6 protein chains.
Amino acid sequence: MFVFKQFNIDRHQVSLLLPEENQAQALFEVVEADRNELRKWMPWVDDTKSERSEAKFIKYIQGQMVAGKVFMLTIAVDNMPVGMIDFHQINQSDHHAEVGYWLSQQVQGLGIMTRSLKRLIDYGFNEMKLHKILIQVEAGNTKSSAIPERLGFIKEAEFKDQIYANGQYRDFVEFGLINKADGRHS
Amino acid sequence: MFVFKQFNIDRHQVSLLLPEENQAQALFEVVEADRNELRKWMPWVDDTKSERSEAKFIKYIQGQMVAGKVFMLTIAVDNMPVGMIDFHQINQSDHHAEVGYWLSQQVQGLGIMTRSLKRLIDYGFNEMKLHKILIQVEAGNTKSSAIPERLGFIKEAEFKDQIYANGQYRDFVEFGLINKADGRHS
Amino acid sequence: MFVFKQFNIDRHQVSLLLPEENQAQALFEVVEADRNELRKWMPWVDDTKSERSEAKFIKYIQGQMVAGKVFMLTIAVDNMPVGMIDFHQINQSDHHAEVGYWLSQQVQGLGIMTRSLKRLIDYGFNEMKLHKILIQVEAGNTKSSAIPERLGFIKEAEFKDQIYANGQYRDFVEFGLINKADGRHS
Amino acid sequence: MFVFKQFNIDRHQVSLLLPEENQAQALFEVVEADRNELRKWMPWVDDTKSERSEAKFIKYIQGQMVAGKVFMLTIAVDNMPVGMIDFHQINQSDHHAEVGYWLSQQVQGLGIMTRSLKRLIDYGFNEMKLHKILIQVEAGNTKSSAIPERLGFIKEAEFKDQIYANGQYRDFVEFGLINKADGRHS
Amino acid sequence: MFVFKQFNIDRHQVSLLLPEENQAQALFEVVEADRNELRKWMPWVDDTKSERSEAKFIKYIQGQMVAGKVFMLTIAVDNMPVGMIDFHQINQSDHHAEVGYWLSQQVQGLGIMTRSLKRLIDYGFNEMKLHKILIQVEAGNTKSSAIPERLGFIKEAEFKDQIYANGQYRDFVEFGLINKADGRHS
Amino acid sequence: MFVFKQFNIDRHQVSLLLPEENQAQALFEVVEADRNELRKWMPWVDDTKSERSEAKFIKYIQGQMVAGKVFMLTIAVDNMPVGMIDFHQINQSDHHAEVGYWLSQQVQGLGIMTRSLKRLIDYGFNEMKLHKILIQVEAGNTKSSAIPERLGFIKEAEFKDQIYANGQYRDFVEFGLINKADGRHS
């Protein structure tokens, strides 16, 4: 187990961990429990059919991290994996990256994701030297969009018919947060 | 020479052609002549250093076309290559694609690009079965944004600090055109 | 649809086209209709079992064309694909290539192949800078050998037991046409 | 920074970390300082010519770890990288692995390596389910061989003329530690 | 059939041959006949299920020989393949290689293997410029260990629980023979 | 050294050997000595610039042999490599192969090549189950064409302007020998 950051919320210890195969079982159980809710926003849910497919995904992500394509962390509460948070679409020439995240319904509402994202943004701006961080949220998912708004993100786009799934198009909005401390000129 | 479409504007014959290596010389000469103007909007201009690099690019594009990643056409006026127009970022699951284009300053203002783009859109909606076509234009490039507006595209996004080039960030706007005749549900 | 050449024979328009996947259905139907006849001369006929295998073949050919290994054209009459003609075994150091062709029985006897081959030879000598063009024909296939003879090809070889198929050996003759206008010395 | 284990020795905090590129500078400085001593036992020292070659090595190791070929940790004292410890030659069918390690002379003699190795052995036996852990040490390197002996390793081999470097052969001894708690039969 | 060496034992001609696919049948028949005995020492026996898997193995070995990874010979008695002998783990920087061998029970006890190995050692020391040749033998296989002892090999290691097969660990001993005539310094 | 066949001519021993890297020096010396003569018929002579390029060629040939693409033998007289003979263009579906050969001028005129070729033909017909063996010889090279004629080959083709080298085209003739004993029907 490789620990990236640790902090406490109430009496719980929240850890941001390197994704490892031995987390596959716990993560798959969250997907199973929240499948109906996750399916609404996460296109990959229907492909996560077993603990084994989750383990294969984690292996794939490790390779992507080594290649610098993705930076993903497992969120654990009291050592139990309950969600993930990541940078993807990392653009090394324009210094952008897009954030993604999901969390077990059982531990939502405690501020875990807001504080985890804050740690990730710090890492993105200070260590990865990003200039802008983007988040795409489905239009109408107020729970998801509350998090970027709380952290100062600004809406940049309203994409019509952006994703086609289950025979229907859905709209998305995109938020951006620019690194004010970055010396590069706008 | 493989001809995709042909039409007349005034006394000139405009052809949309399969990109082939023997167009490299003419296309490189346009880049040389318009280098200062093209550099403002086209990040690839500084990498196009010789007829040979243009020929290598065309070869690369042919492979991308066969793989279904790109659909690109050379625009020729009276058999002389003067520009290119393309679909890239072709998304086969959400049925989107992004348009790109550039044209020699010598033949701008005649409506060549608007009519070429119309042909490309017809092909995208009818043959490639696209649902939405996107165009990104630098904020403030009114000449470029006039073309999508004239063809009914709607603004979807204003990206701040989107591209970092020559030590400076630039903003972009994105336009979208949805295929009304497409049976898929919004 | 990308058009290489177009010409008229009687009231029909003959087009030489870039091979594209949407021609697979029409070409497969010709193979189905003429299977017994084509099988005699074309070793690939028995492998062409479905529209899908024809489409895969076309995709493969596109890659070979980009790599400069093959130059193949679909022959269409009044926009309906009815056959193919090609250069293969393209030898860039000795400047030779071999011709292959086949045509639906429904449109044989009109001179379509002789005129298509003439266009291909022009392209081979003038654009590809070939010095010699070769055609292999089964010994005894007088219909096939009439075409090269009509265009001035000269017999160079009589190969005994050249191809083994269906438990039997068959003899082939090879014709060559040298580019008189080519400056290279014999 | 991903932390695998942390413990204290006197007033110092020792961390076992995931190898990451930003440790390259500190590790290279240790190699530079101890080059003459390290060269005696470590064949790779002469290839570590710059911070950049150290960074490339770390990148390579990350890939090997994802592939399950190697498990390597950076040893840091008070957040400063000072050495490495690893399992290599991981044999998944016979359940063996070989240990390697090196440490800056500046922090030797404090028990850092013995305690780090103890943590690694725990992980090897409990998480990786190893049956035997091997260490090869140059014959005569008493400092290096003291560590496995202190941890209960038993000598299994004395290899004559095992490594040829700088025009001379050197002898090595190999120690093995068998997992008594492992249920597999000897 | 490519002959490496030939010698006589009593009235029989022993040949050391390049492994070729047409030896697969004879070699597979030996494996079939001696399966119970060979299985005890040779982990590959259970994977050799047919003449075809033997032929595939020979093909694989040919590639390894061309790549310099292995040097393997088929042993034939009166032109009938009855076993194999090889160098594997060829270490080009330290000038070591490991020997492996097996022989049909029908022709054991005549000295075939001792004399074949002697030829292989000569080739290893004189042509491949090896400094040390190693043999691993299962602890307790006195028939196998008699051969290296007769040729002057010295025991270097006793590996505990070295191979795990069929739910049980087995011990191995390793013998080494150093090339006294080699100019490299110990 | 792996021996394929051995026979005597006068007092000399002629061996047909597996090509191995340690023959590179001797073969290169023949090429050096006969360069002006060999260059006339062998296009590869000008690329054989050093013993090292000869050694690389031999390595390449070994791989081709393992892949079944080529069957090549080194001809040695009294253990000194003096030429090569081979099957190439091995066609497994039509059961043809083409022969190539060259020999040091110092040992020409003794019948070495005719007898070596006879051995190769035996192997081709009996072991490789070939139906037809082909030889291409430059038109006018009577020394080379005497060999196939002596062995019963029949002329099948006269290729005009077949090879372009040093700014000039050359004509070739091709001979074929059919395996009368082969049961396949003509």
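The structure presented is a predicted model; accordingly, all values stated were derived computationally and were not measured. A, B, ... follow the sequence lines: proteins, then strands. Residue 1 opens every chain.
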Contact leader toward chain B among A/E174, A/K155, A/H96, where contacts are heavy-atom pairs under 4.5 Å
A/H96
Could you give the distance from NZ (A/K160) to CD1 (B/I178), rounded to the nearest 0.5 Å?
8.0 Å
Just wondering, are more than 12 heavy atoms of other shown residues or ligands nearer than 6.0 Å to CE in A/M80?
no
Can you establish whether the number of heavy atoms outside A/Q106 located under 6.0 Å from its atom CD is more than 12?
no
Counting heavy-atom pairs closer than 4.5 Å to chain A, which one of B/N91, B/D171, B/I154, B/I163 comes out on top?
B/I163
Taking the six-membered ring for Trp, are A/Y164 and B/H95 parallel (under 30°), tilted (30 to 60°) or perpendicular (over 60°)?
perpendicular
Near B/K118 NZ, under 6.0 Å, is it more than 12 heavy atoms from other residues, nucleotides or ligands?
no
Report, as yes or no, whether the 6.0 Å neighbourhood of atom CZ on A/F7 holds more than 12 heavy atoms from other residues, nucleotides or ligands.
yes
Taking the side chain as C-beta and beyond, is there a heavy-atom pair between A/E158 and B/E156 under 4.5 Å?
no
Side chain B/K132, main chain A/Q162, donor-acceptor under 3.5 Å:
no
What's the spacing between B/D94 CG and A/F159 CZ if we round to 0.5 Å?
12.0 Å
